[in-house]
Structure formats: structure tokens, C-alpha cells
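The block underneath contains the structure these notes are about, expressed in C-alpha cells.
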2 protein chains.
Amino acid sequence: METVTENQKVRTVKKLEKMFGHIDFKNPPELCPVRDVMSVASDQWSTLIVLWLGYFPVLRFNKLKKYVYGISNKVLSQRLKVLEADGYIERKAYPEVPIRVEYSLTDFGQSYVEKLLDLAEWMHDNSPKVLANREKYGLL
Amino acid sequence: METVTENQKVRTVKKLEKMFGHIDFKNPPELCPVRDVMSVASDQWSTLIVLWLGYFPVLRFNKLKKYVYGISNKVLSQRLKVLEADGYIERKAYPEVPIRVEYSLTDFGQSYVEKLLDLAEWMHDNSPKVLANREKYGLL
DNA sequence: AAACCAAGTATATAAATGGAAACTGTTACT
DNA sequence: AGTAACAGTTTCCATTTATATACTTGGTTT
């Protein structure tokens, strides 16, 4: 459903009050942790990586690269490092030859995927509508 | 709660199957609508704009600029245009002098805010944990 | 012997983005 | 006359970010 009740709106405002209510605009925090954390986790490539790891419990570098199609080696490796540093994913290296490295979600990462997936699903379901809006707007 | 049950995981995989199951990796779609739509709506500045419009039903340009602190005129005006084109927000210009322009969420935008807010809340609640992870990782 | 795989790294180049500051145009205030 | 407010737009420049390509290291396959 797309219709939003007044009640929902009120709850939304309450939540936003919790998040934004305390900010002092005369001295805005130069580095906001939420912005910071969000900019890592909500990055275009990172979200795809995390979602694919929600789909397959374990993935190796080259598999990931195949699924997250279009990503370059460099960016994939960068993002994996950051996602590991922030605690979303785990990297297990087996000292075989050739070396095998397995990436998987941590529990924390799994809980993130749940949230992210809600959003991604919404995007999936509503992208036709957005594209239609965009088209219409372009014609005006 | 951060603990994820097996049941939840199964549901997650099912949803991801719906989203990703059909992709042909021999011929990956050159432009994926979900990626496209998501890259607009999940942009760092756009999310903040939309959230603030969820907090205050109507905001004018300079108010928005104050709340979304750190954003430049150029980027704010760009993002507002794109968000309008994609159908999230509405722009009402009153031909007064000096001109008054009011931005507000559409119903569609409001339904997006609901989803986005869930994620933002999660970020808000978990950012300390992420920051702690990051710290620990840096020390290794 | 040449080629290939793994999981990246390194390098060089290209592209997108972003911010600062100045400017627009009308009106009202001092 | 000067200045401020509004809602942006425009220009230039710097920084960031991304991509493609080649390379690594050791062993295994052709």
C-alpha cells in the first residue's frame, strides 16, 4: 500500500524528532556519526555486495565480482575491506594453493541486510513508478 | 534485537531470490532500473532532504539548506530537481515578491520516507557499534 | 614451456562530483 | 544610495572516485 495514514505520519515525525531534534544549527556537528556510517553502508556497491552475501551465505572474490557485475577489482577489494572494518562482513582466508578467501556476513551484517532489503524491495517494486514519473517530468 | 533467526534468514533469501534470481550473468542488463532509482534516492544528500521533509511538512529553500547543513546551493537545487522529477517531492512556487517556494513530500515520497526512516533509525542506533568495530579493526 | 587460476595490488588515466563565490532580479527597508 | 532577502543559476577549479590494464606468487593443467 502506498497510502500513508495520519497516524503513521505522526509516528514518523516522532522518530525523526529523536534523530534530529537535538541538533544545534548554530554549531552543527562537523562530523555526524550517522552520516558517516551511512555513507559507507549505503554506498551503491556496498549495498549490492551485502545483499548478495545475504543471498549466498559464502562467496569468494571472483564470484562476488560476477554477481556485483560492473564493479572493478580495485573497488570491490576496497569495499570489502571497509565492510569488514565496520563489522558487516567476515573474511576467512585459507592458506591453500591457490589461496581461497571466503566472505560472509557477520550477525551484525545479517541484521543490516534485513533492514536494507526492506528498502531494496521497495525500490524494486516502485522503480517502474519512478521511471514513469521521470518520463512525464521530462515531457513538461 | 540483533539476533537473526534461521526463519528470518530463509525469508530474506526468498526475497532476494525474487530480486536477483532472474539475472543472466552472461548478459547482465546494462542499465538496471533498481540500481538507477536507488542511486538517486539513496544519495547522501537526497536522503537527508527527504528525511527533513518528513519532519517538517513544508520547507523553503533556505530552511532546507540550514537543516541539511553542509550542502551547497548548487547541490541542493540539483537534488531537489531530481527528487521532484522522480516523484518524491512537490515544488510549489508562489509568484510573490520576493518569490516563495515551498517543498513538500508527495504521498509517494512519504511512503519512501517510512522505509528510509527504518534504515536511518537502524543506523542511528548502531553507529556506535560500527565506530567501535572500526576502531578495533584499525588497531590490529 | 606456455597458459591459467586464485585474490588481490599497483599504476595510469578518465570521469564525475563537489564546493566556493559571484551573480540574477525584484522589492522593501534604512 | 546601500543593503538585505529570496530562490536559485552559473562558472571555475579542485578533489574525489572510478575504470581498465597489467602484474604478483605459486602451483596446476595443456
Side-chain angles (χ1 to χ4, degrees), chain A residues 25 28 30-32 35-36 38-49 52-53 56 58-86 89-104 137 140, chain B residues 25 28-32 35-49 52-53 56 58-86 89-104 137 140:
Chain A
F25 293 99
E30 59 306 314
L31 267 187
C32 162
R35 284 190 188 189
D36 179 11
M38 199 142 172
S39 78
V40 167
S42 302
D43 159 85
Q44 187 201 171
W45 293 122
S46 301
T47 54
L48 287 170
I49 292 169
W52 277 107
L53 284 171
F56 297 111
V58 171
L59 283 172
R60 299 171 62 176
F61 192 87
N62 282 323
K63 279 277 182 196
L64 260 171
K65 198 183 160 192
K66 194 181 99 188
Y67 292 132
V68 185
Y69 62 88
I71 197 171
S72 68
N73 280 6
K74 186 184 159 194
V75 172
L76 177 54
S77 130
Q78 261 177 9
R79 293 298 187 276
L80 287 171
K81 265 183 209 144
V82 175
L83 288 172
E84 192 194 357
D86 281 11
I89 68 176
E90 194 184 356
R91 180 186 187 276
K92 268 207 186 106
Y94 299 86
E96 306 171 353
V97 170
I99 190 174
R100 180 161 54 103
V101 178
E102 293 186 344
Y103 292 94
S104 55
Y137 188 88
L140 300 183
Chain B
F25 292 100
E30 60 304 317
L31 266 188
C32 162
R35 283 192 188 188
D36 178 8
V37 169
M38 200 141 172
S39 77
V40 167
S42 302
D43 160 83
Q44 189 202 168
W45 294 122
S46 300
T47 54
L48 288 170
I49 292 168
W52 278 108
L53 284 171
F56 296 111
V58 171
L59 283 172
R60 299 171 64 177
F61 191 88
N62 283 321
K63 278 278 181 194
L64 260 171
K65 200 184 160 192
K66 193 181 99 185
Y67 292 133
V68 185
Y69 62 90
I71 198 171
S72 67
N73 281 7
K74 183 186 161 191
V75 173
L76 178 54
S77 129
Q78 260 177 9
R79 294 298 186 276
L80 287 172
K81 265 183 209 145
V82 175
L83 288 172
E84 191 194 356
D86 280 12
I89 67 176
E90 195 185 354
R91 179 186 188 278
K92 268 208 186 108
Y94 299 86
E96 305 170 354
V97 170
I99 190 173
R100 180 163 54 105
V101 178
E102 293 185 343
Y103 293 94
S104 56
Y137 187 89
L140 297 182

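Remember, predicted model here, so these are calculated numbers, not experimental data. Just so we're on the same page: letters track the sequence lines, and every chain starts at 1. Worth knowing before you read on, the calculation uses all heavy atoms, side chains too, and leaves out hydrogens, waters and symmetry mates.
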Distance below 4.0 Å between [X] side-chain N/O and [N] OP1 or OP2:
X	N	value
A:Asn62	C:dA7	yes
A:Arg79	D:dA18	yes
A:Arg60	C:dA7	yes

Could you state the [atom1]-[atom2] distance from [X] to [N], rounded to the nearest angstrom?
X	N	atom1	atom2	value
A:Glu102	C:dA7	CD	C1'	13 Å
A:Tyr94	D:dG26	OH	P	23 Å
A:Phe61	C:dC5	CZ	C1'	14 Å
B:Leu64	D:dC6	CG	P	13 Å
B:Ile99	D:dA7	CD1	C1'	7 Å
A:Asn73	C:dA10	CG	P	13 Å
B:Gln44	C:dG18	CD	P	8 Å
A:Tyr103	C:dA6	OH	P	14 Å

Exercise. Tell me whether the guanidinium CZ or amine NZ of B:Arg60 lies under 6.0 angstrom from the six-membered ring centre of B:Tyr94 and within 45° of its axis.
Key: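 Checked: cation-pi criterion not met.
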Exercise. Please state whether the rings of B:Trp52 and B:Tyr67 are parallel, tilted or perpendicular, taking 30° and 60° as the class boundaries.
Key: parallel
Exercise. Could you pick out which residue, A:Arg91 or A:Lys74, lies toward the 5' side of DNA chain C when each is mapped onto its nearest nucleotide?
Key: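 The 5'-side residue here is A:Arg91.
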Practice problem: Name the nucleic acid region contacted by A:Ser77, choosing base, sugar-phosphate or nothing; use a 4.0 angstrom heavy-atom cut-off, strictly under. | Solution: sugar-phosphate
Quiz item: So what does A:Lys63 touch, heavy atoms closer than 4.0 Å: a base, only the sugar-phosphate, or nothing?
Solution: nothing
Exercise. Looking only at non-hydrogen atoms, find the nearest pair between B:Glu84 and A:Tyr137 and report the distance.
Key: OE1-OH, 3.3 Å
Quiz item: Between A:Lys65 and A:Ile71, which heavy-atom pair has the shortest distance, and what is it?
Solution: CE-O, 3.8 Å
Self-check item: Candidate pair A:Leu31 and A:Asp36, rule side chain to side chain contact (heavy atoms under 4.5 Å, CB included), full reasoning
Solution: CA-CA 7 Å; A:Leu31 267 187; A:Asp36 179 11; 5.5 Å; no
Exercise. Hey, which sits more toward the 5' end of DNA chain D by its nearest nucleotide, A:Val97 or A:Ser72?
Key: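 The 5'-side residue here is A:Ser72.
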Practice problem: By nearest nucleotide on DNA chain D, pick out whichever of A:Asp43 and A:Lys65 is the more 5' one. | Solution: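 By nearest-heavy-atom nucleotide position, the 5'-most residue is A:Asp43.
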Practice problem: Among C:dA7, D:dA7, D:dA18, find the nucleotide with the atom closest to the side chain of A:Val75. | Solution: D:dA18
